[in-house]
Amino acid sequence: MMTICLILPLLGLFSLCCAHTDFFTSIGHMTDLLNTEKDLVLSLKDYIKAEELKLAQIKTWADKLDQLTDTATKDPEGFLGHPVNAFKLVKRLNTEWVQLENLVLKDMSDGFISNLTVQRQYFPNDEDQTGAAKALIRLQDTYNLDTDTLSKGNLPGVKHKSSLTAEDCFELGKIAYTEADYYHTELWMEQALQQLDSGEESTIDKVLVLDYLSYAVYQQGDLDKALMLTKRLLQLDPEHQRGNGNLRYFQYIMSKEENKTDSTLSDGAESRARKGRPKDHLPERQKYEKLCRGEGVKMTPRRQKKLFCRYYDGNRSPSFILSPSKQEDEWDKPRIVRYHDIISNEEIAKVKELAKPRLRRATISNPVTGVLETAHYRISKS
């Protein structure tokens, strides 16, 4: 149950790109982006081959002239005493060096750049990247996955394992930060810091990670940890302006609380109580997530025995008498039935091909205005 349920949100997660055409809500449209990237890789390889051929020609020319000039400069007068050598020297400097200059200046990237320019119109944008990050965070919450598991790609029900770099983790934390979601900011900034501490090479600076992390931890109510992280930040960068300001501020708050009476202290401790995951505005969210994790109503062995597989003829329908459908009971109350081998793989492919151009972003009805609109938590297409 866990594996089956997990695959579906993953499909939704991997379908997050290209908001201008809403590609990010459809696996079918995302395959177009994969094909686009494949085409760009082939174009890039062609460019590399062209550059390698160009460099090989220049190297051949340089090696030939290196040997020639080495011989000539040892006995210039003797070398130029041969009229053919004198003629070829003039010819090289007047004609062949110009040809070499043109070869060096020749831009071999024209084809690749042209292809890239054409394909760029289908690329995802910042909005799509933000949507993909939010989907990954929703997946994390739905299945109670820790950041290390997600970062290493250890997800049940997936075939192609992929891991997150420290830079990826930082990006997820930063997107959560812009949404004032300090709970997930802390989780992902800590994961980024952990991977950097383990020696992973990255363009992300520890100081930057600690800057975000310390503030997120403070917003979560853990002043002691925020102070500790700020001190670590200043060890790496003693002149960090915001770090020094935060250090003084955190110390000021702690000193004020230390001077309060016991009752005020308890109030202060309560106000700084650790905050958890942000509350969802959808009341059914917890039930939905439990079902996805396989924590819903369990089928008892007695009820399980009443579930069967059968051939179904549609109440003697002429369409099914000679070729009845395969029917499998999945649940009893409410009754849920699975049909097998209804259409062939070729027919499925044809339906997908016909439906693909008609896919539109799924909408919800605004409870106040009744107007159909898109929602960040519903990213499918219909």
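Just so it is clear, the structure is predicted and the values come from calculations on it, not from any experiment.
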Would you confirm whether [X], through its side chain, and [Y], through its main-chain N or O, come within 3.5 Å as a donor-acceptor pair?
X: E200; Y: D197; result: no
X: D70; Y: D66; result: no
X: S317; Y: D313; result: no
X: S43; Y: D39; result: no

Using a 6.0 Å cut-off, check whether atom [atom1] of [X] has over 12 heavy atoms from anything other than its own residue.
X: N144; atom1: CG; answer: yes
X: K54; atom1: NZ; answer: yes
X: K106; atom1: NZ; answer: no
X: E37; atom1: CD; answer: no

Exercise for review: Evaluate the criterion side-chain contact (heavy atoms from CB on, under 4.5 Å) for residue pair Q251 and L247; output intermediate values, then yes/no.
Suggested key: CA-CA 6 Å; Q251 290 174 336; L247 178 65; 3.6 Å; yes
For residues [X] and [Y]: do they belong to one hydrophobic cluster (side chain heavy atoms under 4.5 Å, members Ile, Leu, Val, Met, Phe, Trp, Tyr)?
X: L55; Y: M108; answer: no
X: L65; Y: I58; answer: yes
X: L80; Y: L93; answer: yes
X: Y312; Y: I343; answer: yes
X: M228; Y: L233; answer: yes

Please round to the nearest 0.5 Å and tell me the distance separating atom [atom1] of [X] and atom [atom2] of [Y].
X: I175; Y: E179; atom1: CD1; atom2: CD; value: 8.5 Å
X: W188; Y: L150; atom1: CH2; atom2: CG; value: 4.5 Å
X: T147; Y: E186; atom1: OG1; atom2: CD; value: 10.0 Å
X: L196; Y: L208; atom1: CG; atom2: CG; value: 10.0 Å
X: K174; Y: E167; atom1: NZ; atom2: CD; value: 9.0 Å
X: D46; Y: S109; atom1: CG; atom2: OG; value: 13.0 Å

Can you give me the closest heavy-atom contact between [X] and [Y], atom names plus distance?
X: G173; Y: T185; value: O-OG1, 3.4 Å
X: W331; Y: L307; value: C-CD2, 4.1 Å
X: E328; Y: C309; value: CG-SG, 3.6 Å
X: N244; Y: P238; value: ND2-O, 3.0 Å
X: F79; Y: N85; value: O-ND2, 3.0 Å
X: T230; Y: S214; value: OG1-CB, 3.6 Å

Review point. Quick one: which of D146, L164, L145 gives a side chain to side chain contact (heavy atoms under 4.5 Å, CB included) with S151?
Key: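 By the side chain to side chain contact (heavy atoms under 4.5 Å, CB included) criterion, S151 pairs with just one of D146, L164, L145: L164.
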Review point. Hey, which of E353, E346, E347 is the one that makes side chain to side chain contact (heavy atoms under 4.5 Å, CB included) with K350?
Key: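 Among E353, E346, E347, the one meeting side chain to side chain contact (heavy atoms under 4.5 Å, CB included) with K350 is E353.
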**Study point:** Criterion salt bridge (Lys or Arg N to Asp or Glu O under 4.0 Å) on K306 and D332, from CA distance to verdict
**Key:** CA-CA 8 Å; K306 297 180 181 180; D332 53 356; over 6 Å; no
Exercise for review: Verify side-chain contact (heavy atoms from CB on, under 4.5 Å) between Q99 and L103, making sure each step is shown before the conclusion.
Suggested key: CA-CA 6 Å; Q99 294 173 350; L103 176 61; over 6 Å; no
Is there side-chain contact between [X] and [Y], with at least one heavy-atom pair below 4.5 Å?
X: L172; Y: Q191; result: no
X: V337; Y: E330; result: no
X: Y311; Y: K326; result: yes

Check your understanding: Does the salt bridge (Lys or Arg N to Asp or Glu O under 4.0 Å) test come out yes or no for R335 and D329, once each step is laid out?
Key -> CA-CA 8 Å; R335 190 184 182 211; D329 292 334; 3.5 Å; yes
Point to revise | R303 vs T300, side-chain contact (heavy atoms from CB on, under 4.5 Å): CA-CA, chis, key distance, verdict | key: CA-CA 5 Å; R303 292 168 62 189; T300 63; 3.2 Å; yes
**Study point:** Test log, rule side-chain contact (heavy atoms from CB on, under 4.5 Å), inputs K38 and L33
**Key:** CA-CA 9 Å; K38 178 65 176 178; L33 294 184; over 6 Å; no
Do [X] and [Y] have a side chain donor and acceptor closer than 3.5 Å?
X: Y215; Y: Q219; value: yes
X: Y339; Y: Q327; value: yes
X: T165; Y: D168; value: yes
X: E190; Y: Q194; value: no

**Study point:** Sole candidate of K49, K45, E51 that passes side-chain hydrogen bond (donor to acceptor under 3.5 Å, both in side chains) when paired with Y47
**Key:**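 For Y47, the side-chain hydrogen bond (donor to acceptor under 3.5 Å, both in side chains) test succeeds with only one of K49, K45, E51, which is E51.
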Practice item. Kindly state whether the ring of Y212 and the ring of F170 have centres lying under 6.0 angstrom apart. Key: yes
Exercise for review: Output, in order, the C-alpha distance, side-chain angles, deciding distance and verdict of salt bridge (Lys or Arg N to Asp or Glu O under 4.0 Å) for D128 and K134.
Suggested key: CA-CA 10 Å; D128 304 317; K134 289 180 179 179; over 6 Å; no
